[in-house]
Amino acid sequence: MSSNQRKKIIVLMINMFIAIGSFGIIIPILPAYLQSIGQGGTAAGLMMGIFAAFQFIFSPLAGKWSDMYGRKKMITYGLIGLTIASFIFYISDSVLTLYISRAVGGIGAALLVPAIFAYVADITTFEQRAKGNSYVSAAMSLGIVVGPGIGGFLAEFGIKFPLLVSALVSLVAVIFSITILKESKVVTENSGPMVNDNESMMKKIARTSKMPYFIPLIITFVMSFGLIAFESVIGLYLDHEFQSTAKDIAVMVTATGIVSVIAQLFLVERIVNRFGEASVLVTFVGVCATGFLLSLFASSYSFFFIVSLVIFLSTSILRPVLNTLISKLAGNEQGFAMGMNNAYMSIGNIMGPTLAGVLYDVNIMYPFILGLIFLIITLAITVQWRKKSAVKVTASSTYPFLYGYFERFSHLTSAINLVNSHFHLMPL
């Protein structure tokens, strides 16, 4: 990359880091905060589900607006929405106000995320895109690393103090975006995705079934479903099973974030260049499913800690690879494709935590089993798509043992039944 490209990527990374870090601050105190207002797993799931629902509703529009009006405006407006949401969260003293905060935050995220990745596509070449997406994804992970660590420390000064700091840090991101960020796209009257503006959300989603990036969108949905289901109850699970404190939760989230940053900065580009995006997808969907399977047998905080590292390592690699693959297959519809990518992610983010929260209140292991089932189905779909895809595949010839292992991993029904019998559940 040229020095000018690197400078722009750094600005995007700083922006993303501040935005995500402001949310990461509140992660360690969420279990205690929900308990303080008399709420449990269902509220935790709905909190994330509402956020994702509004993100889903606005994502396709945000992608189109990004193409029409420019990336900087959407990034700035998105950060303003997240800042307002943070302040509402801070003043909240009821679950209803909390839900309103999440709705506003979802709109902000819908405006922010596709615009940032479309910005990366604007300033990078076809070959550089994986590196650019990896750097921005690493900034997201770094925000998650730093945020919870700070949040765990700030919680010593009061349960709501991290919420105030989160709101103020988010405000800094708005100021930074307005003063530093430069527009990357020349906006014209013809700017915008090549889709019918009168189409409904469902028609736009249906249209993607004919796009070359449809299967990567499906994988995005399932990965989001499983991961967000995992994340939505992990704090409650750690508190219930291992009596973990806010500090314990902060340490776990920070460690998984460090692993994610290392993977995205130093591993993604190398493994994609060697094996190709399609092969990497197959492998790490399998790794993620393995992590979910092992989580069902965790008998200690330390073991669950290691399993969480495996899960977050795989998703930290999958996220930029999926973004890159979709971007490469999208042609001149970058804003629309990234908007739909965000929409599919949001569908998973709606269904995952909502179902996980309800299931958690029935049986604390059900959310993990649900995520495992979805990942296994995705693995089977990914393997078949890889075989039929026009994307050049190199992993099967250079590393056949690894590929064959994860291809066989799709036949795990017997393993699920074993898990069910272990927890005295109904067999499949």
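What you see is a predicted model; the values in this text were computed from it and never measured.
- Using the six-membered ring where Trp is involved, Tyr301 and Phe305 have ring planes that are perpendicular, over 60° apart on the 30 and 60° scheme.
- When side chains are defined from C-beta on, Ile364 counts as touching His240, because their heavy atoms get closer than 4.5 Å.
- Using a 4.5 Å heavy-atom cutoff, the side chains of Val287 and Leu313 are not in contact.
- In this structure, CD1 on Ile75 lies 12.0 Å from CD1 on Ile178, to the nearest 0.5 angstrom.
- Across all their heavy atoms, Ile326 and Pro216 have their closest contact at CG1-CB, 3.7 Å.
- Ile123 pairs by the side-chain contact (heavy atoms from CB on, under 4.5 Å) definition with Lys8, Ile9, Tyr119, Ser184, not counting sequence neighbours.
- A donor-acceptor contact shorter than 3.5 Å is absent between the side chain of Arg71 and the backbone of Ala115.
- Of all the heavy atoms in Met16 and Val136, the pair that sits closest is CE-CG1, 3.9 Å.
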- Given the rule in the side chain to side chain contact (heavy atoms under 4.5 Å, CB included) test, do Leu238 and Asp248 qualify, once you have shown the distances and angles that lead to the verdict? CA-CA 9 Å; Leu238 289 171; Asp248 295 328; over 6 Å; no
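- Between the side chain of Ser316 and the backbone N or O of Phe312 there is at least one donor-acceptor pair closer than 3.5 Å.
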- Message: Working note: Thr208 + Tyr344, criterion side chain to side chain contact (heavy atoms under 4.5 Å, CB included); need CA distance, chi angles, decisive distance, verdict.
- Response: CA-CA 10 Å; Thr208 61; Tyr344 273 79; 2.6 Å; yes
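- Side-chain contact between Arg102 and Phe89: present, with at least one pair of heavy atoms (C-beta onward) separated by less than 4.5 Å.
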- Where do Leu325 and Tyr213 land on the side chain to side chain contact (heavy atoms under 4.5 Å, CB included) test, with the steps shown first? CA-CA 8 Å; Leu325 187 56; Tyr213 48 84; over 6 Å; no
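- Between the side chains of Ser327 and Thr324, no donor-acceptor pair of N or O atoms lies under 3.5 Å.
- Annotation for Ser170 and Ser86: closest pair CB-OG, 4.2 Å, computed over non-hydrogen atoms.
- Atom OG1 of Thr378 and atom CG of Leu281 lie 11.0 Å apart (nearest 0.5 Å).
- With sequence neighbours left out, Ile377 forms a side-chain contact (heavy atoms from CB on, under 4.5 Å) with Ile373, Ile381.
- In this structure, a donor-acceptor pair under 3.5 Å is absent between the side chains of Tyr90 and Ser101.
- Rounding to the nearest 0.5 Å gives a distance of 6.0 Å between SG of Cys288 and CD1 of Ile311.
- Among all heavy-atom pairs drawn from Phe176 and Ile14, the shortest one is CZ-CG2, 3.6 Å.
- Side-chain contact between Phe225 and Leu355 is present, with heavy atoms from C-beta onward closer than 4.5 Å.
- Atom CD1 of Ile219 sits about 11.0 Å away from atom CG of Asn341, to the nearest 0.5 Å.
- Counting heavy atoms from C-beta on, the side chains of Met351 and Phe221 come closer than 4.5 Å.
- Between Leu82 and Gly105, the shortest heavy-atom contact is CD2-O, 3.4 Å.
- Of the inter-residue distances, the one linking Leu12 atom CG with Phe117 atom CZ reads 9.5 Å to the nearest 0.5 angstrom.
- Thr290 is not listed as a side-chain neighbour of Val310, based on a closest heavy-atom distance of 4.5 Å or more.
- Ring centroid separation for the pair Phe368 and Phe292 does not come in under the 6.0 Å cut-off.
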- Query: Is there a ring-ring contact (aromatic ring centres under 6.0 Å, His included) between Tyr237 and Phe304 once you walk through the steps?
  - Reply: CA-CA 10 Å; Tyr237 175 83; Phe304 192 83; 4.8 Å; yes
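- In terms of heavy atoms, Lys72 sits closest to Ser177 at CE-O, 3.6 Å.
- Ile271 is listed as a side-chain neighbour of Ile317, based on a closest heavy-atom distance under 4.5 Å.
- Taking OG1 of Thr76 as the start and CD1 of Ile175 as the end, the distance is 12.0 Å to the nearest 0.5 Å.
- In this structure, the side chain of Arg270 engages the main chain of Phe266 through a donor-acceptor pair within 3.5 Å.
- Side-chain contact between Lys210 and Phe214 is absent, with no heavy-atom pair separated by less than 4.5 Å.
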